[in-house]
Amino acid sequence: MRYPSRIKRVGRVAGDLLATARRRAPAPRARVRVRLAHGEARVLPEDAPERERLLSLAERLVSEYGKGSRAGR
């Protein structure tokens, strides 16, 4: 009775297939979620000009201040 080794082998193959599928999947687009004054969270639509502006500001902040904040830890 060699069932456990077969089950492990099938699980390993399934894991390899899943990892391959994840690597080949396109990178997800960045979501921009904002919190309104009364606490509700909204995701801005892909074509909203505010979304592009917030993304560019976030990229600038990370490039200017994000490098040194965790590098020394």
Side-chain angles (χ1 to χ4, degrees):
M1 188 164 113
R2 304 266 313 183
Y3 292 117
S5 65
R6 289 181 184 168
I7 291 172
K8 287 180 185 178
R9 198 170 28 199
V10 169
R12 188 171 39 236
V13 169
D16 291 344
L17 289 173
L18 184 60
T20 301
R22 285 182 180 158
R23 279 193 302 270
R24 290 185 178 191
R29 299 247 325 155
R31 291 186 331 159
V32 176
R33 189 173 84 176
V34 294
R35 213 168 271 286
L36 303 176
H38 58 277
E40 177 189 355
R42 293 180 69 188
V43 176
L44 294 179
E46 297 262 337
D47 58 347
E50 298 88 6
R51 177 186 184 277
E52 295 303 320
R53 184 163 183 232
L54 285 172
L55 275 176
S56 67
L57 287 172
E59 288 174 1
R60 279 188 11 211
L61 282 171
V62 169
S63 68
E64 289 180 23
Y65 299 106
K67 291 178 184 174
S69 64
R70 293 190 180 204
R73 292 184 184 185

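All heavy atoms count here, side chains included; hydrogens, waters and symmetry mates do not.
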Inter-residue atom distance E52.CD - E46.CD, 0.5 Å rounding: 8.0 Å

Side-chain touch L54/V34, heavy atoms, less than 4.5 angstrom: yes

R51 CZ to R31 CZ distance, which is reported to the nearest 0.5 Å: 10.5 Å

CZ-CG distance between R23 and L18, expressed to the nearest 0.5 angstrom: 10.0 Å

Interatomic spacing from CD1 in I7 to CZ in R12 - rounded to 0.5 Å: 12.5 Å

Atom pair CZ/CG of R29 and L55 - distance to nearest 0.5 Å: 8.0 Å

Short side-chain donor-acceptor distance under 3.5 Å, R53 and S56: no

